[in-house]
Amino acid sequence: MVSTLPVIESGTNTSPRTNLWWRVLAGAPPLLFLAVFFAWPVAAILLRGLRPDGEWNLSAFGEVFADPTIRRVLWFTIWESIASTILCVLVALPGAALFARYRFRGKRLLWSALLVPFVLPTVVVAVSLLGVIGSGGFTGVNLSGTVWAILIAHVFFNYAVVVRTVGSTWSTIDPRLEESGRALGARPWRVFAEVTWPLIRSSVAAASSIVFLFSFTSFGIVLILGGISHRTLEVEIYDQTAKFLQLDIAAVLALLQLLVVVIILVWFGRSQRRRAVLFDQRSATETEKPAETPRQRWFIRSNLLFMSLLFGTPLVVLVVRSFSTPEGWGFGFYRALTNSRRGSTSFVPPVDAIGNSLMFASIATAIALVLGLCAAWAIVGDGSAHSDSRFSRWTDTALMIPLGTSAVTVGFGFLIVFDEPPLNLRSSLWLIPIAHAVVALPFVVRLLVPALRSIDPRLREAAATLGASPRRVWWSVEVPIVGRALAAAAGFAFAVSLGEFGATAFLARPDRPTMPIAIYRALGRPGEYNFGQAMAMSTILMLLTVVVMLVIDRFRPASVSEF
Amino acid sequence: MSDSFLVLKHVSARHGRSDDDTVHDISLDVEAGEVIGVLGSSGSGKTTLLRVIAGLHNASEGSIILGGVDITTTPTHLRGVGLMFQEHALFPHLNVSDNVAFGLRMARFPKPERSIRVVEVLELVGLTDFGTRDVASLSGGERQRVALARTLAPSPRLLLLDEPMGSLDRVLRDRLVSELRELIVDLGLTALYVTHDRSEAFALADRIAVLDEGAVVQIDTPAVLDACPTNEHVARLLGHR
């Protein structure tokens with residue numbers, strides 16, 4: 001976040017206490033929302049695992065750990081996420097260096113475009129990869145059901161996380177530091193190890209912990225690409241609930257998963273505080289330069305080639321194959337979406353899912369925006385020095401917890417809690433958009449808080465001296481300035497809701513599938529036409545997401561922080 | 001009881017947790033139409049003093065009386081005091097006209113009168129055709145003028161200027177200072193002008209208040225101040241060796 005004016009300390013006319021009172025009031029709706037729709041369901045899972053019959057009973061734990069299948073799942077989840085993280089960092093570091101150090105044509109566009117794979121629905125990515133490395137895939141190599149398919153998918157998703165997080169830190173490092181290292185006689189790799197690495201290490205750690213969490217709680221990817229032999233905790237929780245109706249075991253697994261997530265988050269918070277090296281930051285335009293030597297040109301080209309292979313191949317193959325029907329090129333698969341074909345068991349024409357998804361996404365976006373705005377205001381306050389209080393940090397952390405929790409846990413929790421009084425929403429259509437809003441809220445808050453913080457406090461003060469009451473300051477200064485961030489947040493929330501699969505898998509009614517659910521159902525049925533329908537629906541969903549991301553990019557404020 | 005236009009009585013205020021920029025026990029009488037220069041080095045509390053008068057900062061002790069009314073606890077937006085910031089703080093989402101019109105909008109000026117007033121004030125600061133310009137496209141001097149126009153538009157009872165020339169180069173500064181002096185006198189405004197620059201204070205002010213460590217150490221006309229500085233610190237601030 002960049003403030004154009006130097007920051008000065010600021011006081012206000014309203015006493016800190018009054019200010020805090022208003023902020024608590026603003027923070028109440030989002031915190032209450034999370035208490036009811038996140039904390040309560042999660043707590044219910046914990047109780048279900050720890051007190052199955054109203055009495056503390058840990059025997060379910062014994063059962064779980066005694067079961068070799070589940071032990072295997074636990075082990076696989078851990079090593080798969082570590083492997084994904086290491087692979088992703090190794091593969092993405094050159095990309096980070098590319099963006100940090102070189103100027104080339106289309107750089108800005110590419111930087112924004114990198115976000116597209118990150119927000120693509122997991123189901124779409126899984127289907128695209130099946131098209132390339134599945135059975136009968138484009139490459140002729142069948143990796144479906146192997147751990148490689150899962151690792152490739154995780155790199156596909158998280159490449160942008162590492163490149164953008166590390167790249168933006170790297171770009172603030174003065175190249176003269178590296179140059180003096182070289183002048184002092186260090187070979188290039190030593191310069192990297194001794195100069196660059198210590199400075200980017202904390203941002204690599206930040207990116208790694210995000211990648212680890214995403215891989216650890218990966219659901220759609222593993223469900224579709226992992227086959228029967230490779231299953232994560234997330235998939236196991238889903239199976240235990242939806243297939244075997246073993247709620248107690250599912251609860252214990254969800255508890256275990258939650259525990260790991262919390263440990264990672266706490267470790268991450270600690271390491272961030274300890275490790276960060278402070279240095280003079282340069283603006284990115286000072287540190288980038290065009291390629292000069294053939295070697296540098298080769299570096300840029302090979303990086304670009306890698307990105308187009310990683311992202312381009314699956315997505316292009318997806319679109320192409322969605323048009324190549326057994327009867328030749330055409331819209332056959334798309335037409336098939338509009339009717340329930342003979343022999344297929346779907347209750348409604350799959351095309352209905354598009355309308356459902358758009359409706360759910362609109363409601364979820366509205367909920368997430370209103371609550372996110374309240375929350376961001378509660379966190380930032382009037383931007384003055386005393387606004388950065390304990391209340392602020394506490395609210396901030398509380399709102400981030402859902403980011404690290406698996407969607408399946410949320411969906412499962414909803415299932416346990418909201419099917420009986422006082423809140424019987426089991427058959428209500430509200431459950432899905434509410435669950436999506438829980439998932440999207442942290443993203444919205446993360447986008448709005450820096451935007452609100454970047455408003456120079458003097459703008460508020462100038463407005464006050466010109467006769468604006470606090471309410472009018474909010475309406476005529478703050479809202480217009482964060483307007484762009486607000487639009488970006490809306491787009492993000494919409495995209496998140498469109499692609500959400502984990503929670504929806506629990507909550508979708510058979511007659512009201514969302515697009516990812518419709519795709520998953522089509523995949524579950526045999527036959528080329530069903531796979532074709534999944535391809536066609538995935539193409540539509542991908543296009544919708546890309547359109548939303550393009551809209552975000554138009555509104556993207558220059559000074560939005562990374563993730 | 002003094003019947004000056006602005007009266008500060010034993011005003012104290014702390015700024016943040018540090019001792020820097022604290023003001024203590026400041027008393028000051030300003031007559032209507034008078035321009036007071038507030039001169040001090042950084043950390044002397046001069047900015048805090050302005051912020052207290054503007055109501056952006058609470059006085060911990062003492063009282064502030066403006067036009068015979070005690071405004072010590074009046075919220076900023078009801079004080080009718082114009083404040084111009086060092087970095088101008090122009091609203092980035094509004095163009096030049098809308099920036100200038102902001103205060104008029106808050107005062108619920110009807111639209112036609114508002115646009116007349118905006119044109120008038122922009123003319124006053126020499127930016128006649130700048131209305132539709134984006135504030136990001138302005139030069140430093142232009143930004144400064146827009147900020148001045150914005151502050152003047154709602155006709156504040158008292159003009160507070162916090163190092164308004166701070167971010168400008170020397171040549172531009174000298175020109176603008178004399179223009180500003182003319183403008184203030186023509187409009188018959190009462191003003192407090194905070195600066196660390198001796199020449200600015202001398203060029204603008206009827207009287208100069210010298211601040212050191214949060215207290216007024218001397219207040220006199222420029223001539224008297226120059227002739228007999230009260231102590232060594234004042235002398236040094238005035239450039240005497």
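Chain naming here is simple, since letters A, B, ... match the order of the sequence lines and numbering starts at 1 in each.
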### Counterpart residues, ring pair (Phe, Tyr, Trp, His ring centres under 6.0 Å), relative to F5(B) (two or more places apart)
none
### Task
Taking all non-hydrogen atoms of both residues into account, name the closest pair between E142(B) and L138(B) and its distance.
OE1-CA, 3.4 Å
### Task
Looking only at non-hydrogen atoms, find the nearest pair between A364(A) and A437(A) and report the distance.
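Reported closest heavy-atom pair: O-CB, 3.9 Å.
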### Query
Around atom CD of E213(B), are there more than 12 heavy atoms of other residues, nucleotides or ligands at under 6.0 Å?
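No, the 6.0 Å shell around CD holds no more than 12 heavy atoms from other groups.
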### Query
Using a heavy-atom distance cut-off of less than 4.5 Å, which residues of residues 109-128 of chain B contact chain A?
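If one takes a 4.5 Å heavy-atom cut-off, no residue of residues 109-128 of chain B lies near chain A.
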### Which atoms of L78(B) approach chain A - backbone, side chain, both or neither, heavy atom under 4.5 Å
neither
### Query
Do R150(B)'s NZ or CZ and the ring of F91(B) fall within the cation-pi criteria of under 6.0 Å and 45°?
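Checked: cation-pi criterion met.
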### Task
State, yes or no, whether a side-chain contact exists between L6(B) and I64(B) at a heavy-atom distance under 4.5 Å.
yes
